[in-house]
Peer 1: 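Quick one: the structure is below, and I'll ask about it shortly.
Hydrogens, waters and symmetry mates are skipped; everything else that's a heavy atom, side chains included, is used. Chain letters run A, B, ... following the sequence lines, proteins first, then strands; residues in each count from 1. Since the structure is predicted, the reported quantities are computational estimates derived from the model, not experimental observations.
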2 protein chains.
Amino acid sequence: MSGFQRYKKILDLFSEDRISWTVSEISNELKTPSSTIYRIVREMVVAEFLESAAGSYFRLGPAFIKYNRTINLSDPLIRAGQPFLEKLASENPIVSVNVLARLYGNKVMCVADYKSPFFKNNTSYQKGKLMPLIYGATSRAIIMQITGRRLDELINSEKFFSVDEKNSFLEGLKVDRKKGYCFTQGQVDKGLIGFAVSISNKKLGIEASLSSIFNSSDFLLEHEPIIYANLTSYGLLVEKYINEIFNDIQNYHHKPN
Amino acid sequence: MSGFQRYKKILDLFSEDRISWTVSEISNELKTPSSTIYRIVREMVVAEFLESAAGSYFRLGPAFIKYNRTINLSDPLIRAGQPFLEKLASENPIVSVNVLARLYGNKVMCVADYKSPFFKNNTSYQKGKLMPLIYGATSRAIIMQITGRRLDELINSEKFFSVDEKNSFLEGLKVDRKKGYCFTQGQVDKGLIGFAVSISNKKLGIEASLSSIFNSSDFLLEHEPIIYANLTSYGLLVEKYINEIFNDIQNYHHKPN
DNA sequence: TCTTTAATTATCATTAAATGATAAATTTTA
DNA sequence: TAAAATTTATCATTTAATGATAATTAAAGA
């Protein structure tokens, strides 16, 4: 354990399922002497990346709230896409959750979302939550834009039930690529269906998706063309804005002093 | 530059005003050879704390979105207070921005907020933004619960125009402490007024505030008792829930395996 | 396209810091 | 108040970070 990993391994212990750890628990988990962990934890507490809680427990610190704000102001996908999510929701024919998602390691992460006021169910897509790579329209619209060796590597990180399942998944991707959008039913959350389009920008290395998620009970076949039209047009709009942001940044940096 | 500081110094370069940096810019800024910076930046890119943007620039990475989610699920102040902000807004007599804030180093940081649907103005209080310690009701309700040496240290980190200003500030705190709430007018944003109460929990080390911010043009004197009653009752409610969360955590950790 | 320049990675001797066993101090619990 | 648990301090040893330089790769210009 060295370099930044030393710190990250500790931070990664803190999760939804385990929000606080003591030094001795960390020490056991990472098989590292507690004198070492104490030193590292103290450093991170000073930096507000960790915070001491009651009973000798520690939890993540408020620094992440601060950095998260800066991310929201600097990530071109979020900057370009966030403002359109509410509009997309209001133009959908039925109540929806609308999501911007992107790759995060071998997983997919939602980075922005907007839920229509009267949408009842909870979706698994929540800002900052990692989701499976191969299930759900949101994820499909991301991997369907990836090809060649990178696709292989990503796919190989997933466990398929059988070779057949894997092949039919890859075939499905080809079909979706031609159609230009993805549709899935209950793959992530039962009772929900998802539609998604790809969002990409080669220069900025953006591989993302824009998706709308509905209650399957609300959905009628006649809704599909409208949903598809909305996603497609807003998808293009987001890509256009990403491009504008890219140009803005270029100009900004090339300004003479 | 050593330990965690080495990484934090780089992360802290990224801000609202300067969202992306090149390695050579970082190298100049921190007076550290670029070969060293390259190595460190590469580590943080792998960890998704940084991300490469176009034109050899880097920006903050999506890891912060993930950790921010975990914070929202684990911070007792946010967990206890967030659910009440919308209710507080709906019970206020005029449109408002409602904020949970806490200490962050020598500054105050908003950690959760809710704006009524038709509130027009922008407040400076945004989730994750650092705000001055001595201006605005939101901040006052935090420092007014701090006394003795810690108060001195915090106050001394601030620049007052004069000794008089400092003394009258400290006198004002005493008055507010007796009143049990704070009121300020245009100290942070012109045209806005703020009311705030303290939120605290000794066992959990929480020093925070709950505040409502209004357009001064909307405000009538007859609103004050209602605003005050709302803040006080919701403040107590939040403190009660913080306590319950504290007990939950205690029970959870003391469960037999 | 080729050429030039800039960006990034690799190498490695030197320097500096992290480690972890132990002891001491502090805080919490019984 | 005593005992136990938590946290900090110390320091010889181990290990990793540093930064000058060279090599490679990618981007920008001609």
Side-chain angles (χ1 to χ4, degrees), chain A residues 1-11 13 20-59 61 149-150 201-205 246-247 249-251 253-257, chain B residues 1-11 13 20-59 61 149-150 201-205 246-247 249-251 253-257:
Chain A
M1 198 164 56
S2 79
F4 193 64
Q5 269 300 108
R6 174 172 62 225
Y7 302 100
K8 185 168 180 286
K9 275 210 172 177
I10 292 176
L11 293 175
L13 293 175
S20 58
W21 290 73
T22 66
V23 167
S24 58
E25 286 169 351
I26 297 173
S27 164
N28 288 332
E29 184 71 20
L30 302 183
K31 288 163 185 59
T32 305
S34 56
S35 59
T36 301
I37 300 296
Y38 268 112
R39 197 170 343 95
I40 296 176
V41 165
R42 203 186 317 146
E43 274 189 278
M44 291 205 283
V45 168
V46 170
E48 313 239 29
F49 278 64
L50 290 177
E51 180 161 77
S52 77
S56 73
Y57 279 86
F58 292 86
R59 57 168 184 265
R149 183 182 299 177
R150 275 207 59 227
N201 185 301
K202 278 210 169 173
K203 286 175 291 185
L204 282 165
F246 169 74
N247 291 330
I249 294 175
Q250 294 291 99
N251 292 336
H253 283 133
H254 292 157
K255 259 188 211 157
N257 296 336
Chain B
M1 197 167 51
S2 80
F4 193 64
Q5 269 299 108
R6 174 171 61 226
Y7 303 100
K8 185 167 181 286
K9 274 212 172 177
I10 291 176
L11 293 175
L13 293 175
S20 57
W21 291 74
T22 65
V23 167
S24 59
E25 285 170 353
I26 297 172
S27 165
N28 288 331
E29 185 71 21
L30 303 183
K31 287 163 185 58
T32 305
S34 55
S35 59
T36 301
I37 301 297
Y38 267 112
R39 199 172 340 96
I40 297 176
V41 165
R42 203 187 315 147
E43 273 189 279
M44 291 204 284
V45 168
V46 169
E48 313 239 28
F49 278 64
L50 290 178
E51 179 161 78
S52 74
S56 74
Y57 279 86
F58 292 86
R59 56 169 185 264
R149 184 181 300 176
R150 274 205 60 229
N201 184 300
K202 278 211 169 175
K203 287 176 291 186
L204 282 164
F246 169 74
N247 291 330
I249 294 175
Q250 293 292 100
N251 292 335
H253 283 134
H254 293 157
K255 259 188 211 158
N257 296 335

Peer 1: So how far is it from B/Leu50 CG to B/Phe58 CZ, rounded to the nearest 0.5 Å?
Peer 2: 7.5 Å

Peer 1: Taking the side chain of B/Tyr38 as heavy atoms from C-beta outward, which of C/dA17, D/dT18, C/dA7 is closest to it?
Peer 2: C/dA7

Peer 1: For A/Glu43 and B/Gln5, which heavy atoms make the closest approach, and how far apart are they?
Peer 2: OE2-N, 4.4 Å

Peer 1: Toward the 5' end of DNA chain D, which comes first, A/Arg39 or B/Glu43, by nearest nucleotide?
Peer 2: A/Arg39

Peer 1: Take atom NZ of B/Lys203 and atom P of C/dT29, then tell me their distance rounded to the nearest Å.
Peer 2: 11 Å

Peer 1: Find the distance A/Tyr57:OH to C/dT27:C1' and express it as a whole number of Å.
Peer 2: 17 Å

Peer 1: Mind calculating the distance between CD1 (B/Ile10) and P (D/dA17) to the nearest angstrom?
Peer 2: 13 Å

Peer 1: From the list C/dA18, C/dG20, C/dA7, which nucleotide is the closest neighbour of the side chain of A/Thr36?
Peer 2: C/dG20

Peer 1: For the helix from C/dT1-D/dA30 to C/dA30-D/dT1, measure the angle between the helix axis at one end and the axis at the other, each built from five pairs, rounding to 10°.
Peer 2: 70°

Peer 1: Expressed as a whole number of angstroms, how long is the span from A/Ile40:CD1 to D/dT15:C1'?
Peer 2: 13 Å

Peer 1: Within the structure shown, what part of the strands sits under 4.0 Å from A/Thr22 by heavy-atom distance: base, sugar-phosphate, or nothing?
Peer 2: nothing

Peer 1: If you round to the nearest 0.5 Å, how far is OG1 of B/Thr32 from CZ of B/Arg39?
Peer 2: 11.0 Å

Peer 1: With a 4.0 Å cut-off on heavy atoms, is A/Arg6 in touch with a base, just the backbone sugar-phosphate, or nothing at all?
Peer 2: sugar-phosphate

Peer 1: Hey, does B/Ser24 reach any base, or is it just sugar-phosphate, or nothing, if we go heavy atoms under 4.0 Å?
Peer 2: nothing

Peer 1: Restricting to non-hydrogen atoms, name the atom on B/Ser27 and the atom on B/Pro33 that form the minimum distance, rounded to 0.1 Å.
Peer 2: OG-C, 3.8 Å

Peer 1: Take the protein atom CG of A/Leu30 and the nucleotide atom P of C/dA18, then report the distance between them rounded to whole Å.
Peer 2: 17 Å

Peer 1: To the nearest 0.5 Å, tell me how far A/Asn28 CG sits from A/Ile37 CD1.
Peer 2: 10.0 Å

Peer 1: A side-chain contact here means heavy atoms from C-beta on lying under 4.5 Å apart; do B/Met44 and B/Leu11 qualify?
Peer 2: yes

Peer 1: Under 3.5 Å between N/O atoms: give me all the protein pairs with nucleotides 21-26 of chain D, atom names plus distance.
Peer 2:
none

Peer 1: Apply the test side-chain contact (heavy atoms from CB on, under 4.5 Å) to residues A/Tyr7 and A/Phe49: give CA-CA distance (whole Å), side-chain angles for both, the deciding distance (0.1 Å), then the verdict.
Peer 2: CA-CA 10 Å; A/Tyr7 302 100; A/Phe49 278 64; over 6 Å; no

Peer 1: When rounded to the nearest 0.5 angstrom, what is the spacing between CD in A/Glu51 and OG in A/Ser20?
Peer 2: 12.0 Å

Peer 1: Using 0.5 Å steps for rounding, measure from the CD1 atom of B/Ile40 to the OG atom of B/Ser34.
Peer 2: 11.5 Å

Peer 1: Take the protein atom NZ of A/Lys31 and the nucleotide atom C1' of C/dT19, then report the distance between them rounded to whole Å.
Peer 2: 18 Å

Peer 1: Hey, could you give me the CD/OG distance between B/Glu25 and B/Ser56, rounded to the nearest 0.5 Å?
Peer 2: 8.0 Å

Peer 1: Whole angstrom is fine here: how far is it from CG in B/Asn28 over to P in D/dG19?
Peer 2: 14 Å

Peer 1: How do A/Val23 and A/Phe4 order along DNA chain D: which one's closest nucleotide is nearer the 5' end?
Peer 2: A/Val23

Peer 1: Rounded to whole angstroms, how far apart are CZ on A/Arg42 and C1' on C/dA17?
Peer 2: 15 Å

